[in-house]
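Below: the structure, in structure tokens.
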Amino acid sequence: MLSKGFEIEVYTGRPNGEVVGLSDKIVADLDGFVREPDNRNVEYTTAPSYRYERSLCDLLQPRSRLRQYLTTLGDYTLIPGSTLALGGTEAFHRSDPNNPYHTYIEQTYGTKVVTASVHINIGIEDPEMLMRACRLVRLEAPLYLALSAASPFLNGEVTGFHSSRWAVFPKTPTQVPLFESHGHFIQWTEEQLRLGTMQNVRHLWSSVRPNGDRRPYNLNRLELRICDLVSDPIALLAITALLEARLLQLMHHPDLDPLLASDLPLATRATELVEMADANEQAAAQASLDAPLHHWQDGRSILAKDWIVQLYDEVWDTAKHHGFSCFLLPLKRILRQGNEAQQWLREKDQGRDTAQIVQKAILSMQARELELQSEICQPCVA
């Protein structure tokens, strides 16, 4: 199995759904949390872990500590979703007014970046294998967005997108190639820094990127950045299991590399694959599981949910061989019931207003965490 770690960004606010900036206080008083440029969301990370049971507790325990701390500040809670669903996009709320990188972000992007998400990190030490993995995941990243979409509202309105976050998030730089080798990634990154299209090595905001302790030179993990915040940790682990199984399958079968396996014309393949990936991301941002996508293998049209079912069946034996196929099972429920965005939009169609939907989701998120804490994490600790 591969190591897995998570970066979780989440909004803080009131039970009525109003988002309130508290990250400066949280970071000052609680270990393990870091601030985002805007004060209204806060981030925590989990240590790399090979076992899903351990990852589950690592996801839950910081959130439990954060909830306990928030009660000392007043009637505050955590708010699911990945956009400012009920309002607040008119102004940036700086968490660190003296940080020049935050100044650049505010002035360049405004509140388009005031989102909440989850980044899934999978450990891969070999740099060429990592580049191959990034190529495959770049082409299949829209499937993970489709499973995780949780931002159909902005400023109290239905936006027409299941992931409003990814629809408006400023992908940077605007043109990112499929990296053909580690050397290509190094050369490209150095060029972007010279051109100023990236302010620093962290300023690569794409659906997936190579990561490590000294980018772009020392790399040790793939970072999937496209997913909206998945409020249910079990659903998040199911999405992660699909990703891990796919990467293990690629390690066993390197010929799954889209640069090798695609039937698109060789002379234009790399360019066409990038264009296809970008178009699929936008389609998935709009319609998530119901999005019509184009398969990287031959360009055929396929619905996101049908592609996910195919992938699920393809990787099942790999996951079973490595002992984590049971963690794939909740994907069936997502495919059957819909992702969070689709569930919320159904409630909207039934006559609930946006505030009611968000308030219900706040309670559901907290109840699910308490359920998992008592059933799984407490026995583990004991």
Side-chain angles (χ1 to χ4, degrees), residues 8-23 36 38-42 63 66-67 70-71 73-93 110-118 145-169 227-233 235-236 282 284-291 305 333-371:
I8 307 291
E9 301 163 351
V10 63
Y11 293 116
T12 55
R14 302 186 189 281
N16 66 1
E18 177 192 0
V19 176
V20 179
L22 300 169
S23 75
E36 291 291 301
D38 191 285
N39 206 31
R40 290 169 288 185
N41 57 11
V42 69
R63 218 179 286 186
L66 178 55
R67 287 188 182 279
L70 290 176
T71 64
L73 300 180
D75 190 17
Y76 296 116
T77 187
L78 302 180
I79 299 179
S82 289
T83 47
L84 296 165
L86 300 184
T89 62
E90 67 284 345
F92 206 97
H93 297 201
T111 55
K112 286 182 179 180
V113 298
V114 186
T115 60
S117 65
V118 55
L145 178 61
L147 287 163
S148 67
S151 50
F153 308 128
L154 190 67
N155 288 330
E157 301 295 331
V158 175
T159 64
F161 292 92
H162 292 185
S163 176
S164 305
R165 164 187 161 267
W166 198 251
V168 302
F169 195 86
C227 291
D228 276 4
L229 176 66
V230 182
S231 63
D232 182 352
L236 173 56
Q282 283 305 302
Q286 182 163 10
S288 67
L289 292 170
D290 294 324
K305 58 188 175 186
R333 187 179 70 248
I334 299 174
L335 291 168
R336 187 173 62 252
Q337 298 178 355
N339 53 44
E340 286 180 281
Q342 290 173 313
Q343 293 178 41
W344 294 341
L345 287 169
R346 276 201 300 272
E347 292 185 43
K348 187 75 173 175
D349 290 341
Q350 292 164 4
R352 285 180 178 265
D353 67 35
T354 306
Q356 290 175 320
I357 295 168
V358 172
Q359 289 158 16
K360 180 187 172 189
I362 289 170
L363 295 174
S364 298
M365 179 182 180
Q366 185 168 12
R368 181 62 164 156
E369 290 171 22
L370 290 171
E371 175 191 8

message: Within the 4.5 Å heavy-atom criterion, are Thr89 and Leu154 side-chain neighbours or not?
response: yes
message: For a quick check under 3.5 Å, do Glu36 and Ser23 share a side-chain donor-acceptor pair by atom type?
response: no
- prompt: Under 3.5 Å, is there a donor-acceptor pair between the side chain of Ser164 and the main chain of Ser151?
  reply: yes
From CA spacing to verdict: side-chain contact (heavy atoms from CB on, under 4.5 Å), Leu70, Leu78: CA-CA 9 Å; Leu70 290 176; Leu78 302 180; 3.7 Å; yes
task: Test Val42 against Glu9 for side-chain contact (heavy atoms from CB on, under 4.5 Å), laying out the working first.
output: CA-CA 6 Å; Val42 69; Glu9 301 163 351; over 6 Å; no
- request: Report yes if some heavy atom in the side chain of Val19 is under 4.5 Å from a heavy atom in the side chain of Thr12; otherwise report no.
  value: no
statement: All heavy atoms of Val168 vs all of Lys112, minimum pair found to be O-CD, 3.6 Å
message: To the nearest 0.5 Å, what is the distance between CG on Leu289 and OG on Ser148?
response: 9.5 Å
- prompt: Are the side chains of Glu347 and Gln356 in touch, meaning some heavy atoms are under 4.5 Å apart?
  reply: no
field: Residues forming a side-chain contact (heavy atoms from CB on, under 4.5 Å) with Gln359, sequence neighbours excluded
entry: Asn16, Ala355
- prompt: Any side-chain heavy-atom pair from Lys348 and Thr354 closer than 4.5 angstrom?
  reply: yes
field: Carboxylate-amine/guanidinium contact Arg14 Asp75, below 4.0 Å
entry: no
field: Separation of Gln337 CD from Gln343 CD (nearest 0.5 Å)
entry: 6.0 Å
- prompt: Got a donor-acceptor contact below 3.5 angstrom from the Ser364 side chain to the Lys360 backbone?
  reply: yes
query: When rounded to the nearest 0.5 angstrom, what is the spacing between CG in Asn41 and OG1 in Thr115?
result: 7.0 Å
Derivation and outcome, side-chain contact (heavy atoms from CB on, under 4.5 Å), residues Ser288 and Gln342: CA-CA 8 Å; Ser288 67; Gln342 290 173 313; 3.6 Å; yes
message: If I compare all heavy atoms of Gly160 with all of Gln286, which pair ends up nearest, and what's the gap?
response: O-CG, 3.6 Å
message: Show the nearest heavy-atom pair for residues Gly110 and Phe92, with the distance to one decimal.
response: O-CE1, 3.3 Å
field: Test log, rule side-chain contact (heavy atoms from CB on, under 4.5 Å), inputs Met365 and Leu370
entry: CA-CA 9 Å; Met365 179 182 180; Leu370 290 171; over 6 Å; no
message: Any heavy-atom pair between the side chains of Leu345 and Phe153 that's under 4.5 Å?
response: yes
field: CG on Leu86 to CD1 on Ile357, rounded to 0.5 Å
entry: 9.5 Å
Stepwise side-chain hydrogen bond (donor to acceptor under 3.5 Å, both in side chains) test for Thr77 and Arg67: CA-CA 6 Å; Thr77 187; Arg67 287 188 182 279; 3.1 Å; yes
message: For the backbone of Trp166 and the side chain of Ser163, can you confirm whether one donor and one acceptor N or O come within less than 3.5 Å of each other?
response: yes
- prompt: Sequence neighbours excluded, which residues qualify as salt bridge (Lys or Arg N to Asp or Glu O under 4.0 Å) partners of Asp353?
  reply: none
- request: Of all the heavy-atom pairs spanning Gly81 and Leu229, show the shortest one and how long it is.
  value: O-CD2, 3.8 Å
field: Spacing of CD belonging to Glu340 relative to CD1 belonging to Ile334, to within rounding of 0.5 Å
entry: 8.5 Å
- line: Minimal heavy-atom distance between Tyr11 and Ser82, with the atoms involved, is OH-O, 3.5 Å
For Ala341, side-chain contact (heavy atoms from CB on, under 4.5 Å) partners two or more places apart: Ala149, Pro152, His162, Asn339
task: Find out whether Glu90 and Leu84 are in side-chain contact, i.e. whether some heavy atom of one side chain is under 4.5 Å from a heavy atom of the other.
output: no
query: Can you tell me how far the CG atom of Asp232 sits from the CZ atom of Arg368, to the nearest 0.5 Å?
result: 4.0 Å
field: Shortest non-hydrogen separation from Ile362 to Pro80 and the atoms involved
entry: CG1-CD, 3.6 Å
